[in-house]
Amino acid sequence: MIDLKILQKDPQRVIKALADRASDIDVAEFLALDARRRALLTEVEELKGRRNAASAEVARAKRAGQSAESFIDGLGALSERIKELDIQAQEAVAATETWMLNLPNLPHQSVPVGASEADNQELRRHGAPRSFDFPVKDHVELGQNLGGLDFERAAKLAGSRFCVAWNWAARLERALISFFLDVHTRENGYTEVAPPYIVNRSTMAITGQLPKFGEDLFKLENREYFLIPTAEVPLTNLHAGEVLEEGDLPLAYAAQTPCFRSEAGSYGKDTKGLIRMHQFMKVEMVRFAHPDDSYNQLELMRRQAEDLLERLELPYRTIVLCTGDMGFGAAKTYDLETWLPAQNTYREISSCSNCEDFQARRGNIRFRPRGGGKAAFAHTLNGSGLAVGRTLVAILENGQRKDGSVILPKALRPYMDGMDVIAGRV
RNA sequence: GGAGAGGUAGCGAAGCUGGCCGUAACGCGCCCGACUCGAAAUCGGGUUACCGGUUAACAGCCGGUACGUGGGUUCGAAUCCCACCCUCUCCGCCA
């Protein structure tokens, strides 16, 4: 949610931002809703003021032991009128709130303007894609041949877009999680958190998954419970409704969680393999920062994610998402894409965003300035560090050899009992 | 699932025989000041948020709203009634 005052006083800025995002949301609609809201509030508050004054007279008369009947006369009718107007006013308030909750964040001025991913800007590349002197296999073929990835049985258990990992693959997933979290907690100053994987509606609304993107979520049947699509949701909500101390900022949390996504609307996309799953593991970084510092924190987080790829010896590039390709709550987003030889392209493996105060407003996440004073909204940031399933894909495809075995990155070997090559069932 | 207790400011807590009690007693914390070489202790003062109107103003002033959430009774609700949510304790069940 953006600041209401920006909409009221500088609607052109919002109109521009929405155009940049290629959104069809109509600011004029909001302006009309808001005008109605304010007119109704002015009217009903004037009546309430009169009622409050009259009630004070009643109280005064009763305390003085006098009859209050003359004051009470007619107040019933006034209260009836207030009740009617109040309903209209509350509806008008709710209408503006709903509109605001469906409005995406304003892009930061440094974000390139563009309509689609074609307009994203490449920031840097690291590592040259390997050249292979044999036909490359994709991770599905490699993983199945080596007895690690089992999509058939996963389909039996659950359906498409699930995978059973056996032996070295299950171990490799656990190794990646441990490796990522060890780097984050030992070297990068993150506090490790193990949050719930199920959250309520309010939590989903604060980070922006609801009300607009409910169809992307898995919802439990009996209650207003949702499976998290990313650990960003529980981690960012950790401080909802709280007032932090400025001196404690920035706060940095890391968690490994499964992520659940319905992938509605992605029929036919990435149907093969581990790229797009209903359930996948991810290590997530979340930071709470001072507004003046949040873009430094974004760069820091981006570097931390890049560093993981470098240690895993995976070629990657970093891109800045353009206005039209950014997520709902983000003001600026970097995507890290790792090279996948079988697809002969770079694919997203991490996304690092600064949401500025967009989520903080929804969740009332504030901090008390040093030296006291009014609490202000913190900035929230999130980034993958990294998506585990896709990292496993990259390791298989980039490390493959002609005989179908896979060389493991050195950084991972301590986590695999010293194993350096995946050569078959272990 | 059964029984009980509770949800009030940054935190703790009073108010709960309905009406100067919500810028909300009292305490803690925090801010300013006094004392001090400095600090601690002590003493004095200050410290809710949001919305509407006015406005150049996110200054001031006027008004409204908020005591877990939503309803109800009433001229008037933190206070009385109903429903729901959450937390805690005990019991039951259970990894």
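If you're wondering where the values come from, they're calculated on a predicted model, not measured in any experiment.
When the C1' atom of B:C11 is taken as reference, atom CG of A:Leu244 falls 14 Å away, rounded to whole Å. Straight-line distance from the CD1 atom of A:Ile72 to the P atom of B:G19: 15 Å, rounded to whole Å. Going from atom CD of A:Gln90 over to atom C1' of B:U65 covers 9 Å, rounded to whole Å. Atom CD1 of A:Ile82 and atom C1' of B:U74 are 13 Å apart (whole Å). Taking atom CZ of A:Arg370 as the reference point, atom C1' of B:G29 lies 17 Å away to the nearest angstrom. Rounded to a whole Å, the CD atom of A:Glu80 is 9 Å from the P atom of B:G76. Residue A:Lys83 contributes atom NZ, which lies 12 Å from atom C1' of B:G76 at whole-angstrom precision. Computed from coordinates, the A:Glu246 CD to B:C31 P distance equals 12 Å when rounded to whole Å.
Going from the C1' atom of B:A9 to that of B:A25 covers 13 Å, rounded to whole Å. If you take atom C1' in B:U69 and the same atom in B:A13, they sit 23 Å apart, rounded to whole Å. Nucleotides B:U8 and B:C67 place their C1' atoms 4 Å apart, quoted to the nearest Å. For B:G4 and B:G10, the C1' atoms lie 31 Å apart once the distance is rounded to whole Å. Distance noted for atom C1' between B:G6 and B:C16: 13 Å (whole Å). When the P atom is compared between B:C82 and B:A95, the two are found 39 Å apart, to the nearest whole Å. Straight-line distance between the C1' atoms of B:G68 and B:C85: roughly 8 Å, to the nearest whole Å. Across the P atoms, B:U42 and B:U48 are found 24 Å apart, a figure rounded to whole Å.
A:Glu356 and A:Asn105 share no side-chain donor-acceptor pair at under 3.5 Å.
For the pair A:Arg81 and A:Glu43, the salt-bridge criterion is met [side-chain N within less than 4.0 Å of a carboxylate O].
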Mind running salt bridge (charged side-chain N to carboxylate O under 4.0 Å, His left out) on A:Glu245 and A:Arg370 for me, showing each step along the way?
CA-CA 7 Å; A:Glu245 293 298 329; A:Arg370 243 184 281 267; over 6 Å; no
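Looking at every heavy atom in both residues, A:Pro229 comes nearest to A:Met204 through CD-CE, 3.6 Å. When all heavy atoms of A:Pro104 and A:Ile2 are compared, the pair lying nearest together is O-CG2, 4.1 Å.
For RNA chain B, the stems formed by at least three consecutive Watson-Crick or G-U pairs, with both atom-pair distances below 3.5 Å, span B:1-7 with B:85-91, B:10-12 with B:26-28, B:29-34 with B:42-47, B:48-54 with B:60-66, B:68-72 with B:80-84.
The cationic atom of A:Arg287 (NZ for Lys, CZ for Arg) lies less than 6.0 Å from the six-membered ring centre of A:Tyr190 and within 45° of the ring axis.
Between the side chain of A:Arg261 and the main chain of A:Thr230, no donor-acceptor pair closer than 3.5 Å is present. A donor-acceptor pair under 3.5 Å links the side-chain atoms of A:Asn145 to the main chain of A:Glu141, judged by distance alone. Checking side-chain atoms of A:Asp307 against main-chain N and O of A:Arg303 turns up no donor-acceptor pair under 3.5 Å.
The six-membered or imidazole ring of A:Tyr295 lies away from that of A:His379, with a centre-to-centre distance of 6.0 Å or more. Aromatic pair A:Phe328/A:Phe358: centroids less than 6.0 angstrom apart.
More than 12 heavy atoms of other residues, nucleotides or ligands shown are found within 6.0 angstrom of NZ on A:Lys212.
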Collect all protein-nucleotide pairs involving nucleotides 77-87 of chain B in which both atoms are nitrogen or oxygen and the distance is under 3.5 Å.
unit_1	atom_1	unit_2	atom_2	d
B:C86	OP1	A:Arg223	NH2	2.5

Tell me, for nucleotides 48-64 of chain B in 5' to 3' order, what letter each nucleotide earns: B for a base near a protein heavy atom under 4.0 Å, S for only sugar-phosphate near one, - for neither?
-SSSSS----S----BS
